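Everything numeric here is computed off the predicted structure, so don't read it as measured data. Sequence lines set the chain letters: A, B, ... in the order given, protein chains first and strands last, and positions in each chain run from 1.
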2 protein chains.
Amino acid sequence: MVTIKDIAKKLNLSYSTVSRALNSSTLVNEKTMKLIQEEAKKMGYTPNALARGLVLKKSGIIGMIIPDITNPFFPALARGAEDAAVKRGYNLLICNTDWNIKLETRHLKLIEERKVDGFVLSSINVENRYLEKLVERDYPLVFVSRIYPGILANFVGTDTEHGGYLAGKHLAELGHREMAFVGGKFKVGSVQGRYLGFLEALKEKGIEVRGDRVIEGEFTVESGYKMALQLLKRDRRVTGIFAANDLLAVGVMKAARELGYRIPTDISIVGYDDIFISSLPGIELTTVFQEKRKLGELAVNMLLDDIQGKENGKKSTKKIVLSPKLIVRKTTAPVRVTGNS
Amino acid sequence: MVTIKDIAKKLNLSYSTVSRALNSSTLVNEKTMKLIQEEAKKMGYTPNALARGLVLKKSGIIGMIIPDITNPFFPALARGAEDAAVKRGYNLLICNTDWNIKLETRHLKLIEERKVDGFVLSSINVENRYLEKLVERDYPLVFVSRIYPGILANFVGTDTEHGGYLAGKHLAELGHREMAFVGGKFKVGSVQGRYLGFLEALKEKGIEVRGDRVIEGEFTVESGYKMALQLLKRDRRVTGIFAANDLLAVGVMKAARELGYRIPTDISIVGYDDIFISSLPGIELTTVFQEKRKLGELAVNMLLDDIQGKENGKKSTKKIVLSPKLIVRKTTAPVRVTGNS
DNA sequence: TTGTACGCGTTATCAT
DNA sequence: ATGATAACGCGTACAA
């Protein structure tokens with residue numbers, strides 16, 4: 001491996017000059033600079049980010065903690081984050097936690113050792129003492145999409161309550177009155193928001209949701225399927241279902257079809273997130289859209305601003321909340337005028 | 001930041017002893033070791049991977065280059081890779097290239113500076129001089145899923161030719177004789193394999209594919225849609241279509257439906273990859289399955305074996321080729337006995 | 001078993 | 001404009 005020293009020797013110069021030249025410092029003769037840069041290229045010099053990081057106390061890497069890149073919500077998020085990071089000269093280290101706090105903590109510790117310059121996390125659903133310490137220690141960090149309950153930290157996300165509201169309003173305006181909510185774990189803050197917003201919209205129309213029509217499960221197709229199967233079997237009057245995310249909604253669709261429902265003629269279904277699959281032919285789910293990619297971008301930009309601002313002594317807690325948008329596709333329609341048994 | 005020195009001072013010991021204790025070296029008194037480890041924890045010591053990497057000439061990070069994590073094929077691959085990496089104490093740095101060689105090269109250079117201990121790449125479609133240099137320099141590296149043409153390097157992938165064969169055989173056995181191939185860029189080696197295998201299977205049944213029924217486009221739903229639309233409009237006799245991947249297949253499905261085809265009654269469609277969406281209710285695509293997650297795992301394990309083996313002076317070029325599997329779902333059926341106009 | 005001293009590759013602070 | 005030298009935090013050969 002060719003180092004700064006090697007090219008210094010070769011050119012009978014000192015390390016310092018070479019280092020400066022390579023960093024295009026102004027305080028070095030133009031000619032020697034060119035000389036050095038050419039020689040560097042010729043010798044195949046590659047800077048060593050480890051060494052640089054050691055002295056600069058920066059790694060140039062930021063860590064991204066997510067539950068599972070395999071879940072269709074996260075690739076777009078990660079992609080946005082990576083793009084923004086690269087654009088500013090950083091790289092992204094991705095860790096999957098499987099919604100497991102132990103794993104999350106382990107990853108946090110491990111990549112803190114790597115001296116990542118900051119974290120972007122979207123993994124939070126439950127208390128994590130180590131994470132709390134991290135923010136107490138003022139480690140640069142921003143929460144995306146899901147915020148840690150009761151903590152003051154940077155956040156980038158979508159107005160979930162408003163999103164839920166849009167879904168509820170849409171169904172209500174279509175004339176639905178018998179509605180259900182199929183949710184993931186309510187501990188995840190964003191689900192609560194969606195639910196609350198949903199209720200809010202219905203209330204405005206004088207509609208209430210019966211307690212037995214609010215179900216909780218996992219964030220998966222399978223779970224949505226099971227929940228809807230159980231719900232619709234015992235309760236044929238429901239005509240509108242709001243699912244906490246698109247995966248769930250797809251499961252609900254499957255269950256409804258199996259039970260002989262036509263979508264959207266007999267039943268309307270609204271999802272949340274507008275993940276990739278939702279617009280696919282054969283699915284075409286009405287859903288609440290949030291800008292996942294942009295969320296990722298905004299998050300790392302906020303993080304990087306923070307990191308670079310901190311050097312100038314600035315500190316702040318920022319928050320960006322994007323507005324969701326309703327996307328009407330083919331799983332919602334006006335309620336039928338004739339009731340069914 | 002608390003360092004080894006700090007805890008050495010506090011305990012009136014030398015750096016070395018502390019360093020050894022923290023690495024659980026055998027050549028240190030058990031008592032002092034415990035003492036040191038406890039003190040380290042108490043003081044909140046965190047090892048600095050940068051410094052360690054500098055002396056050990058290892059970063060503990062491996063780089064993964066893929067075209068686009070947003071493409072449903074890659075999350076599973078990345079996840080498998082990350083799991084395997086973490087299991088062996090490494091982390092994964094992910095870079096998206098958007099199938100752009102310039103970007104790929106830039107990423108390669110950049111993360112080489114980060115001293116990643118090796119690369120896993122799945123980005124290759126076209127000549128990249130810098131990449132060639134990398135393998136010439138013997139940089140630890142393994143290709144996943146797509147191999148670089150005409151280069152001797154580690155590889156983990158699926159037997160694409162056999163995969164294509166399975167698809168062709170399936171359609172042929174269902175009685176289809178008028179078939180088409182809807183492909184992505186043929187430059188991507190894996191597509192050629194799929195195509196060749198497909199042809200091979202048909203040939204065994206005495207079936208040929210007309211040249212105007214082989215179309216090339218992008219690897220997207222949209223592209224599949226357009227190609228199929230164009231094909232099926234001018235050629236109503238086709239009853240079986242093999243798409244080079246599932247995204248394309250979904251697009252084909254959409255086009256067929258729009259033109260009034262019932263699937264699979266009027267036309268059979270086979271995809272490739274079995275990505276997440278393909279099993280979804282409303283899609284249920286017959287496709288050729290490959291173990292994406294396992295591919296990722298195998299790749300980083302091979303890489304890590306290589307890295308750790310190299311220290312012992314071993315060198316080798318390994319190859320692992322998994323077998324694909326046909327998954328029959330609801331987009332294929334026996335050809336109708338009555339021909340249509 | 002423990003301590004001393006050097007080097008990893010780079011940047012930064014002094015001088016010159 | 002350039003050079004010498006000290007860090008950065010850690011591992012390790014060598015000495016004790």
Once base and sugar-phosphate atoms are separated, protein heavy atoms under 4.0 Å mark nucleotides 7-16 of chain C, 5' to 3', with B, S and - as BBBBBBB---
Apply side chain to side chain donor-acceptor pair (under 3.5 Å) to B/Glu82 and list each qualifying residue two or more places apart in sequence or on a separate chain. A/Asn96
List the atom pairs, donor and acceptor, that lie under 3.5 Å between side-chain atoms in residues 40-54 of chain A and the rest of the protein, sequence neighbours left out.
from    : atom 1 : to      : atom 2 : distance (Å)
A/Asn48 : OD1    : A/Leu50 : N      : 2.8
A/Asn48 : OD1    : A/Ala51 : N      : 3.2

Using a 3.5 Å cut-off and no angle test, enumerate the donor-acceptor pairs between side-chain atoms of residues 65-78 of chain B and protein atoms at least two apart in sequence or in another chain.
from    : atom 1 : to      : atom 2 : distance (Å)
B/Asp68 : OD1    : A/Arg79 : NH1    : 2.8
B/Asp68 : OD1    : B/Thr70 : N      : 2.9
B/Asn71 : OD1    : B/Phe73 : N      : 3.0

Residues B/Lys318 and B/Asn154: closest non-hydrogen pair is N-OD1, 2.8 Å
To the nearest 10°, let me know how far the axis at one end of the helix from C/dT1-D/dA16 to C/dT16-D/dA1 is tilted from the axis at the other, five pairs an end. 40°
Which residues satisfy the side chain to side chain donor-acceptor pair (under 3.5 Å) test with B/Tyr148, sequence neighbours excluded? B/Glu132
Quick one about A/Thr158 and A/Thr160 (side-chain donor to acceptor, distance below 3.5 Å, no hydrogens or angles considered), yes or no? no
With a 4.0 angstrom cut-off to heavy atoms of chain B, pull out the first and last contacting nucleotide of DNA chain D, in 5'-to-3' order. D/dG9 to D/dA13
So which heavy atom on A/Leu93 is nearest to which on A/Ile111, and how close? CD2-CG2, 3.8 Å
Pairwise ring pair (Phe, Tyr, Trp, His ring centres under 6.0 Å) hits with a residue in residues 80-115 of chain A, at least two apart: none
Give, ordered by number, those residues of residues 6-14 of chain A having at least one heavy-atom distance below 4.0 Å to an atom of DNA chain D; if nothing qualifies, reply none. A/Asn12, A/Leu13, A/Ser14
How would you list, by chain and number, every residue that makes a side-chain contact (heavy atoms from CB on, under 4.5 Å) with A/Leu27, sequence neighbours excluded? A/Arg20, A/Ser25
Around atom NZ of A/Lys87, are there more than 12 heavy atoms from other residues, nucleotides or ligands closer than 6.0 Å? no
Tell me, which pairs form a ring pair (Phe, Tyr, Trp, His ring centres under 6.0 Å) where one or both residues lie in residues 113-136 of chain A, sequence neighbours left out? A/Phe119-A/Tyr139
Across all chains, not counting sequence neighbours, the side-chain contact (heavy atoms from CB on, under 4.5 Å) partners of B/Lys133 are B/Arg129, B/Glu136
